[in-house]
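Data block below; observations after.
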Amino acid sequence: MKLAARAANISSSPTLAIDSKAKQLKAEGVRVFNFGVGEPDFDTPQHIKDAAIEAINAGMTKYTPAAGTPQLKKAIVDKFKRENGLDYEPNQIVVSSGAKHSLYNAFQVLVEEGDEVIIPAPFWVSHLEQIKIAGAEPVIVMTTEDNGFKITPQQLEEAITPRTKVVLLNSPSNPTGAVYTREELERLGEVILKHDNIVIISDEIYEKLIYDGLEHVSIACLSPELKERTIVVNGVSKAYSMTGWRIGYAAAPLNIAKAMANLQSHATSNPTSIAQAASIAALSGTQQPVEDMKKEFVKRRDYMLERLLSIPGITCPKPNGAFYLFPNVSSYFGKGYQGKVINNATDLAGLLLDEVQVAVVPGIAFGNDNFIRFSYATDMNTITEALDRIEKLLSKLE
Ligand SMILES: Cc1ncc(COP(=O)(O)O)c(C=O)c1O
């Protein structure tokens, strides 16, 4: 049967091949060192689970308002004020089934055929696909290691055309871990404000996972003009180890928030009532578990970075946020191992899995196949042994 063009154009995930192979190996009883996952390996903190159990026992098991309960919206409004210096009314908040869903709603209500969306690369693959699903054209701007994988004001200016409708920002970034400073965002904001009608979608899902004393800055807080142009997307998945609970949220100018809420009311209705109750505990309760998780992530990042940089030919800027490392492995291209030639990061990722059972995501998934992505949301023993294996294998390539 013929599918709609909308469906036919959706790419299958480039990570899928590696992922299914890794799963197959695991099912065969092979130990796989998995660096592919994009979720914290910690359990959801107990006080958040308790809030969910209380919600069930209190009968909070029915529909809620489509865009979220008043209690959760209040907790989100308070969070924006306290942590980001942003003032929103509750009707500017839309709670959805994960930040991915918030982003989907945002693209659906903002862009259509003929519109362009500027997306700095390396990008998160769902950003790209969601732009395409909405019918718009992604305008990919390649950032470089030298610039810390951040788009420059000049690159942004050059990419803007009369058709530009949205600029997508993602700080801290998946896959590079890059974090934009206040000054960098101010300069990007100046460029955007020179052009009428450009909206910013700012994906801040990794906000809490920032290291080295850096602060998270939302571009929306830099001026009232920028706030009027920005949809801030955030959620509880990464900060509170709640990936399975599916709660994300967006804060937007009122007309955009209303459109997103309307769309959602006809697509999925409210996100899960119980997960919403748990998210209030996450946002309003103790933040100590986040601090503990951050300490562990920093330890892992530092160890992995040191080990990777000690491998000849590998370069990798120090990521200041999220839980990913994104090393450049292109110096290995053209080399081979037992008759297999490595032409790109996809080949290398395949070799790592086949030969030493280490699963990583090739950079092709993020728009640049000179790199591979490691998620360090895995334990230290796995990290140590996997790096021994990688080091040994790479030393044998010739
Ligand atoms: C950059 C980015 N945005 C959004 C999401 C989606 O988060 P959620 O699990 O809340 O849908 C992810 C998850 O991997 C992500 O990496």
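Just follow the structure's listing: the first ligand is 1, and inside any ligand the first atom is 1. Every heavy atom of this structure was used, including side-chain atoms; hydrogens, water molecules and symmetry mates were not. Remember, it's a predicted structure, so these values are computed and weren't measured experimentally.
Residues satisfying the salt bridge (charged side-chain N to carboxylate O under 4.0 Å, His left out) criterion with Lys208, sequence neighbours excluded, are Glu83. Residues passing the side-chain contact (heavy atoms from CB on, under 4.5 Å) test with Glu116, sequence neighbours excluded: Glu137, Val139, Thr161, Arg163, Thr164.
Of the candidates Tyr104, Phe123, Trp124, Trp124 brings a heavy atom nearest to atom 6 (C) of ligand 1.
The two residues Thr176 and Phe326 come nearest to each other via the heavy atoms CG2-CD2, 3.8 Å.
At least one heavy atom of Lys238 sits less than 4.0 Å from an atom of ligand 1. Distances shorter than 4.0 angstrom occur between a heavy atom of Asn170 and an atom of ligand 1.
Neither the backbone nor the side chain of Glu39 has a heavy atom within less than 4.0 Å of ligand 1.
Every atom of ligand 1 is numbered from 1 in the order shown, and the set under 4.0 Å from a heavy atom of Lys100 is 6 (C), 8 (P), 11 (O). Close approach of ligand 1 to Ser237 (heavy-atom distance below 4.0 Å) involves ligand atoms 8 (P), 9 (O), 10 (O). Taking every heavy atom of Gly98 and a limit of under 4.0 angstrom, the matching atoms of ligand 1 come to 10 (O), 11 (O).
Taking atom 7 (O) of ligand 1 as the reference point, the nearest protein heavy-atom neighbour is Ala99 CB, 3.7 Å. Scanning the protein heavy atoms around atom 9 (O) of ligand 1, the nearest turns out to be Arg246 NH1, 2.8 Å. For atom 1 (C) of ligand 1, the nearest protein heavy atom (residue, atom name, distance) is Asp203 OD2, 3.3 Å.
In terms of N/O distances under 3.5 Å, ligand 1 is not approached by Tyr324.
Panel note: side chain Gln155, backbone Met142; a donor-acceptor pair is recorded below 3.5 Å.
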Handout entry: Worked check of side chain to side chain contact (heavy atoms under 4.5 Å, CB included) between Thr44 and Trp245
Key = CA-CA 10 Å; Thr44 303; Trp245 298 72; 3.1 Å; yes
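Taking the six-membered ring wherever Trp is involved, the centroid distance between the rings of Tyr249 and Phe80 falls below 6.0 Å. The aromatic ring centroids of Phe33 and Phe374 lie 6.0 Å or more from each other. Within the 6.0 Å centre-distance limit, the rings of Tyr324 and Tyr206 are counted as a close aromatic pair.
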